[in-house]
Amino acid sequence: MIKLTCVESNGLQCLSLAFSDGSYDQWSGEDLLMTKTVLTKPSGDEAYLGRAFVSFGALACPNGLEL
C-alpha cells in the first residue's frame, strides 16, 4: 500500500505531497473546502491548512479531518 510520507504547505489552499513509492503530487483542497462542513470550514484559512500533517500514512488536519 502506498502511503503519504510528507506534506508541505504551498499556500493558497494547496499542499505538496510525497508518497512512499517516491512519487510527488500537488493537492488542491479548493473543491473540498467549498463544501463548508464542520470539518472543512476551518481548513479554508491558509494558515490552518498549512498545519496539515501525516497521520498513519494519510493527510490529516488538527481538527480531526483525515483524507
Side-chain angles (χ1 to χ4, degrees):
M1 173 182 270
I2 299 171
K3 294 184 178 188
L4 181 63
T5 58
C6 184
V7 60
E8 292 181 11
S9 176
N10 247 4
L12 301 175
Q13 300 170 343
C14 187
L15 300 172
S16 295
L17 308 174
F19 298 91
S20 59
D21 68 347
S23 64
Y24 295 88
D25 204 352
Q26 300 290 315
W27 179 78
S28 171
E30 189 174 353
D31 290 338
L32 176 68
L33 301 176
M34 288 180 9
T35 60
K36 305 284 187 206
T37 67
V38 173
L39 287 175
T40 61
K41 195 171 183 177
S43 301
D45 175 23
E46 183 179 328
Y48 184 84
L49 191 59
R51 293 174 39 208
F53 59 96
V54 178
S55 176
F56 300 103
L59 180 62
C61 290
N63 66 351
L65 175 66
E66 292 185 356
L67 303 170

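We use all heavy atoms of the structure for the numbers below, so side chains are in, but hydrogens, waters and symmetry mates are not.
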Trainee: Got a second to check how far W27's CH2 is from S16's OG, nearest 0.5 Å?
Mentor: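 Rounded to the nearest 0.5 Å, the CH2-OG separation comes out at 12.0 Å.
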Trainee: Identify the residue among V54, L4, N10 that makes a side chain to side chain contact (heavy atoms under 4.5 Å, CB included) with L17.
Mentor: L4
Trainee: In the structure I gave you, are the side-chain heavy atoms of L15 and S9 within less than 4.5 Å of one another anywhere?
Mentor: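 They are in side-chain contact.
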Trainee: Is L59 linked to F19 within one hydrophobic cluster, defined over Ile, Leu, Val, Met, Phe, Trp and Tyr using a side-chain heavy-atom separation of less than 4.5 Å?
Mentor: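 Yes, because L59 and F19 connect within a single hydrophobic cluster, where side-chain heavy atoms sit under 4.5 Å apart.
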Trainee: Where do A18 and Y24 come nearest, in terms of heavy atoms and distance?
Mentor: CB-CE2, 3.5 Å
Trainee: How long is the span from the OG atom in S55 to the CG atom in L67, to the nearest 0.5 Å?
Mentor: 11.5 Å
Trainee: If you look at every heavy atom in S20 and M1, which pair is closest and at what distance?
Mentor: OG-O, 4.1 Å
